[in-house]
Asker: 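Mind having a look at this structure? Questions to follow.
In what follows, chains carry the letters A, B, and so on, assigned in the order in which the sequence lines appear, proteins first and then strands, with residues in each chain numbered from 1.
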Amino acid sequence: MRLNSYSRREPNLSNSHKFFFLLLACALPLALLAALASGPVKLDLWQAITSGWHSDNSDAVILWQLRLPRAALALLVGAALGMGGAAMQGMLRNPLAEPALLGVSSGAALAAILLLYYGAVSGEVALPLLAILGALLAVGSVWLLAGRGASATRLVLAGVAINAFLSALMALALNYAPSMFAMQEIVFWLLGSLANRGWDQVLLALPFMLVGAVMLVLSRNYLRALSLGESTAASLGFSGRRYPLLVLFGIAFAVGSSVAVAGTIGFIGLVVPHLMRPLVGQDPGRLLWASALAGALLLLLADILVLNTVGVQELRIGAVTAFIGAPFFFWLIVSGRREMSL
Amino acid sequence: MIAVGRGYAGRPPAARWIAALLFAIALPAPAAERIASLNLCLDQILLRWVPPQRIVSVTWLSAEAQYRNAPIPEHVALNRAQAEELIPLQPDLVLAGQFGAQRAAARLEEMGFRVVRIPDAYTLEQLQTQLGALEQALGPLPPLRARQQQLAELLAPARQKNPQAADVKHPTALILSANNITYGSGMLEHQLLTRAGFINLAAEQGIDQLGRVSLEQVIALQPDLLVFYGGAQDFAIAHLAERHPVLKRYIDSGRSYRLPEALGYCPALAAVDALEQLQQKRAELVQQP
């Protein structure tokens, strides 16, 4: 009852905002087509699509078994990171909060590294589960260290400290890992990659991402109330630990399972909520799904760039997102300074 | 497909051939009784073919589980390619590779120890030269001689002109190694494939050393035999491509082969066996309808 009466006050989208969303929704299938058409082998795309899933034709195999799962993973991971970033910024009420920047992704990556390279536990499901646990511990540590509603400086300080510590542990773990390629693979875990991924990775991560998304969607009214301040949120009935924990678990599930299959891809969670916020009328609840949509699109576009870049080494997708994200970060700092001087 | 740099596997300079010639005409030295090695491959050769009482030291790498075939004899000291580790052992022969541990080798030489640099092998011809250099340094060894003969026999038929060569079926093969690396026409691995009767698709694409091949290209090129390289027992993102479900039909239908990891760091020990297995694999593939 309380929730319904609250959600009735949701701001309505203006027509121009609706148009933007329509544009975004149309851009996704177009980007998907572009992703399916990108790759080192020239395909007859239409014939490959019509040949069907089970066809032995090499074009069809490339499309259905290689390109489609990779694009699907880019969409899912982008959506999870976008949504995770929006939730994190909403809960910490801080525009600088981002899963990769604040060590959540490193926590997940460290857990995945320990399992994959040292493998005390076997079984495929253990990988996303452990990565989620790592992400949870990291996000919990940042939250505890900085405190709720902490200033941007304190939060970023706590996040950077935890991120640096976890990254050092990742390097240490890979340094002593019993694999010839372990040191080289630090690059993967720090910058992420979608290369050589198949349906097995998509199916491994998907259920956990969905669980995370459901948790975050369930906490949308808490995030809305929290935007009015903690005491207002408490007076609206969102007191206790239940809701913050729901958000923390939601972020950990979404980001942890993404990192387990694609490594640490930064900046999506930072940039996307900022881009979407004006479009959703500053509504943190609506920002969740808008960020998911835009995150999916942004990561897919970044992957199209990776696929069309010719080079000896694969261009790392985390490097592409950093190229988009870092200038945005500069802009954020400069605009913040300008506001302070006013 | 994109060709990448030559890597460390460059072609030999002319000096190496001259050195090999000098080896051939030099008088054999008296058989060494206290042999030390500064090179992983030479360690493996010593441990496998030389009586253990003649070995005084091998590198620490040889004691690692990844490279160890049998326990290292207790009296054999493990070295980290430092000259000071070998001096107290008073070896009468120190074997070094062509590139690694050069500083230690030079220091030992200055101190009057007999140091022999064994050339690396990146082709079958260089492999024969390497075995010849080893025999020259170590004196006659029956297993070494046997390996030389095996190699010569395996190389011989390819040199003879086969009048029915046009009728012989040549299935295609493609190597998919860690990090999507493939091997082109200038590599030992290519020679093994072609001597076994395969057409190496990477070489057909114009790759002459190491190249990169994506999974999409593997599917599009449709090799008859997909060749993996080295052990994938330890987890690495580098091995992700070969674990992709799209390659399952190659593995399930027996159209895959795995080159031994030792071929990469010590072809003297692995090349002959790998060639025989590839020939067998070709015979199986040709029989298939």
Side-chain angles (χ1 to χ4, degrees), chain A residues 38-43 48 56-70 109 112-119 122 127 174 177-189 191-203 261-263 307 309-314, chain B residues 1-7 40 61 64-68 172 174 176-182 201 205 207 209-223 226 229-250 252-253 261-262 264-265:
Chain A
S38 305
V41 174
K42 206 170 161 56
L43 285 194
D56 275 342
N57 174 281
S58 68
D59 278 8
V61 172
I62 290 172
L63 178 79
W64 294 101
Q65 305 294 325
L66 292 170
R67 291 193 185 174
L68 196 60
R70 180 175 176 148
I113 287 168
L114 291 178
L115 175 74
L116 289 173
Y117 296 84
Y118 295 90
S122 62
L127 175 65
L174 286 174
S179 163
M180 282 205 290
F181 304 100
M183 282 309 282
Q184 165 203 319
E185 294 191 356
I186 289 181
V187 177
F188 160 74
W189 288 106
L191 289 177
S193 170
L194 295 169
N196 297 328
R197 299 306 190 278
W199 287 115
D200 46 349
Q201 272 98 3
V202 175
L203 294 178
V261 291
L307 285 167
T309 308
V310 178
V312 173
Q313 286 283 338
E314 176 205 344
Chain B
M1 233 178 275
I2 309 149
V4 296
R6 292 159 56 121
L40 173 64
L61 277 169
E64 294 291 293
Q66 192 182 350
Y67 301 110
R68 194 180 53 213
T172 55
L174 184 68
L176 177 66
S177 180
N179 286 316
N180 290 64
I181 294 287
T182 193
L201 290 174
Q205 298 284 312
I207 295 176
Q209 297 283 327
L210 296 175
R212 199 167 277 270
V213 61
S214 70
L215 279 176
E216 286 191 12
Q217 287 163 320
V218 174
I219 299 301
L221 289 169
Q222 297 184 311
L226 186 59
Y229 201 155
Q233 67 273 26
D234 293 321
F235 177 84
I237 300 289
H239 297 306
L240 213 55
E242 64 186 73
R243 296 179 180 201
H244 197 289
V246 80
L247 301 182
K248 198 168 175 286
R249 59 187 181 148
Y250 272 99
D252 288 351
S253 63
E261 192 181 334
Y265 63 86

Asker: Could you tell me if the side chain of B/Leu240 sits less than 4.5 Å from the side chain of A/Gln201, heavy atoms only?
Answerer: yes

Asker: Can you list the residues that meet the side-chain hydrogen bond (donor to acceptor under 3.5 Å, both in side chains) rule with A/Arg197, with sequence neighbours excluded?
Answerer: none

Asker: Need one label for A/Trp189: side chain, backbone, both or neither, based on atoms under 4.5 Å from any heavy atom in chain B.
Answerer: side chain

Asker: With a 4.5 angstrom heavy-atom cut-off, which part of A/Ala195 approaches chain B: side chain, backbone, both or neither?
Answerer: backbone

Asker: Quick one: closest heavy-atom pair of B/Val246 and A/Gln65, and the distance?
Answerer: CG2-CB, 3.7 Å

Asker: Distance from A/Asn196 atom CG to B/Glu242 atom CD, nearest 0.5 Å?
Answerer: 10.0 Å

Asker: Where do A/Ser58 and B/Gln222 come nearest, in terms of heavy atoms and distance?
Answerer: CB-NE2, 4.0 Å

Asker: Any heavy-atom pair between the side chains of A/Asp56 and B/Arg249 that's under 4.5 Å?
Answerer: yes

Asker: If you look at every heavy atom in B/Glu216 and A/Pro40, which pair is closest and at what distance?
Answerer: OE1-CD, 3.2 Å

Asker: Rounded to the nearest 0.5 Å, what's the gap from CD1 on B/Ile219 to CG on A/Leu66? Could you check?
Answerer: 6.0 Å

Asker: Distance check, rounded to the nearest 0.5 Å: A/Leu307 atom CG versus B/Ser214 atom OG?
Answerer: 10.0 Å

Asker: Please classify the contact of A/Asn57 with chain B as side chain, backbone, both or neither, using a heavy-atom distance under 4.5 Å.
Answerer: neither

